[in-house]
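Take a look at the structure below.
Sequence lines set the chain letters: A, B, ... in the order given, protein chains first and strands last, and positions in each chain run from 1. We use all heavy atoms of the structure for the numbers below, so side chains are in, but hydrogens, waters and symmetry mates are not.
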Amino acid sequence: MWIVLGATSALCFALKLLGHLVPERWLSNPRLQRINALIPIALLSALVVAQGLVLKTHVVIDHRAAGLAVALGLLIAKAPFPLVVAGAAITSALIYHVH
Amino acid sequence: MSDLTRATLRDSLSVAVTVGAYGVAFGAASVAAGFSVLQSCLFSLLTFTGASQFAAVGVVASGGAAASAVAAAALLGTRNTLYGIQMAPVLHVEGLRRMVAAHVTIDESTGVSLSQAPRGTKAMREGFWITGLGVFLFWNLFTFAGALGANALGNPASWGLDAAVPAAFLGLLWPRLTSNVLRLVAMASMFFALGVTPLMRAGLPIIATTVVAVIAGWRRR
């Protein structure tokens, strides 16, 4: 746990500082910029399914999937972020207790 | 205080408070993943870049190795490098101030600063600093509140916290999906991650998904 905390903090700060120190042309490669812009989308998408639909190394549909479905519905209905998270939590908790 | 400064101040503070409040979700997610309240607060103080923090605790929560958690967080942190490259010529700071500027170089401080461009360089600098330091203050306060709250609640599943975390990721992802190509990349990433899940150790599918970003970004569109 401490290793994750320390290494994440050190690396993330190093990445931030790097941007303030390097000349602009170093990262002006358009291919690199396109890929860099897509990385958050790929990773966040993977995190959604890895956290919501996976148990260890198995794909499962459980109470979390119901919560995630409600979150998706709320996002489509343009609900604010806290409501999306709360809606998912309440749905998931209800199903968890019913089962 | 001039009108010019007041408008920048308003933009900066509204972003700082709103975004800072998401810290509750991080504090809760971090404790649900098994980190202590102290560790959760240190994450927000020292890492201070939301998506990376969520990723690190998310990978740990899904049973991934420490290296996978750190790699996912670092990959999400690379965009701050690009922000720094954009902000450095605007800020023109040296020494300790540059270190502080680097630490508060995040989505929000860069976004507000760039949006102040029509008001001039001074407004861009004010927007960066007020937003960056403001988010830092509120993000850390709310992380502490969220971590304490989750700690008091006990079993995460019983309160739906295990679903709140992926929902928060979906909420972070949603506003980024501004074109059909981006939506396609998101869908492909989800199917890819699920597809490789049985083949890899927990946590690795998340890192492997960067392949989708590389393939999609390789060709000129």
Side-chain angles (χ1 to χ4, degrees), chain A residues 1-5 7-9 11-13 15-20 22 24 27 30-31 33-54 56-59 63-64 66-68 71-72 75 81-82 84-93 96-97, chain B residues 25 35 39 42-43 46-47 49 52 55-56 58 60 62-63 66 69-70 73-81 83-85 88 98 102 105 157 159-160 162-174 176 182 185-186 189-190 193-194 197-198 202 205-206 209-210 212-214 216-217:
Chain A
M1 293 302 210
W2 285 106
I3 294 168
V4 174
L5 171 59
T8 299
S9 298
L11 268 174
C12 285
F13 180 71
L15 285 165
K16 288 173 181 173
L17 191 61
L18 181 69
H20 285 262
V22 303
E24 200 162 347
L27 282 169
R31 176 171 288 161
Q33 293 206 338
R34 280 200 303 274
I35 292 170
N36 195 66
L38 291 175
I39 280 179
I41 294 188
L43 282 179
L44 287 171
S45 303
L47 282 161
V48 171
V49 296
Q51 292 277 291
L53 304 173
V54 172
K56 295 201 170 82
T57 59
H58 300 284
V59 178
H63 56 282
R64 295 170 302 164
L68 209 49
L72 182 64
L75 283 167
F81 184 87
V84 171
V85 175
I90 292 165
T91 309
S92 174
Y96 179 82
H97 285 291
Chain B
F35 289 92
Q39 286 169 328
L42 285 176
F43 253 119
L46 301 175
T47 304
T49 175
S52 295
V60 169
S62 67
V70 175
L75 282 165
L76 277 166
T78 56
R79 67 191 193 291
N80 292 330
T81 309
Y83 296 157
I85 290 171
R98 176 145 72 184
T105 300
W159 296 88
D162 53 347
V165 178
F169 282 126
L170 192 60
L172 291 174
L173 172 67
W174 200 257
R176 293 172 184 269
L182 298 180
V185 170
S189 302
M190 288 186 187
L194 287 177
T197 288
I206 297 164
T209 311
T210 48
V212 178
V214 172

Least distance between heavy atoms, [X] atom then [Y] atom:
{"X": "A:K16", "Y": "B:A102", "answer": "CD-O, 3.0 Å"}
{"X": "B:S62", "Y": "A:A50", "answer": "CB-O, 4.3 Å"}
{"X": "B:R176", "Y": "A:P40", "answer": "NH1-CB, 3.8 Å"}
{"X": "A:H20", "Y": "B:R98", "answer": "O-NH1, 4.0 Å"}

Region of B:W159 in contact with chain A, defined by heavy-atom distances below 4.5 Å: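 For B:W159, the backbone is the part near chain A, not the side chain.
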B:V70 versus chain A, the contacting section by heavy-atom distance below 4.5 Å: both
Give, for atom [atom1] of [X] and atom [atom2] of [Y], the distance between the pair rounded to the nearest 0.5 Å.
{"X": "A:F13", "Y": "B:T105", "atom1": "CZ", "atom2": "OG1", "value": "9.0 Å"}
{"X": "A:T8", "Y": "B:L42", "atom1": "OG1", "atom2": "CG", "value": "12.5 Å"}
{"X": "A:I39", "Y": "B:L76", "atom1": "CD1", "atom2": "CG", "value": "8.5 Å"}

Whether B:T209 side chain and A:A42 backbone form a donor-acceptor pair below 3.5 Å: no
Only pairs of heavy atoms separated by less than 4.5 Å count here; which of [options] has the most with chain A?
{"options": "B:A186, B:A73, B:A55", "answer": "B:A186"}
{"options": "B:P166, B:A66, B:A163", "answer": "B:P166"}
{"options": "B:A25, B:A193, B:G171", "answer": "B:G171"}
{"options": "B:T197, B:T49, B:V214", "answer": "B:T197"}
{"options": "B:P205, B:A74, B:G63", "answer": "B:A74"}

So which of [options] has the largest heavy-atom pair count under 4.5 angstrom toward chain B?
{"options": "A:V59, A:V49, A:L47", "answer": "A:L47"}
{"options": "A:L75, A:V4, A:T91", "answer": "A:L75"}
{"options": "A:L15, A:L44, A:L68", "answer": "A:L15"}

Are [X] and [Y] packed together at the side-chain level, in the sense that at least one heavy-atom pair is separated by less than 4.5 angstrom?
{"X": "A:L72", "Y": "B:L170", "value": "yes"}
{"X": "A:L38", "Y": "B:L182", "value": "yes"}
{"X": "B:M190", "Y": "A:L53", "value": "no"}
{"X": "B:D162", "Y": "A:S92", "value": "yes"}

Engaged part of A:V54 at the chain B interface, taking heavy atoms whose separation is under 4.5 Å: side chain
Heavy-atom contact with chain B under 4.5 Å, split by part of A:L11: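 Only the side chain of A:L11 comes within 4.5 Å of chain B.
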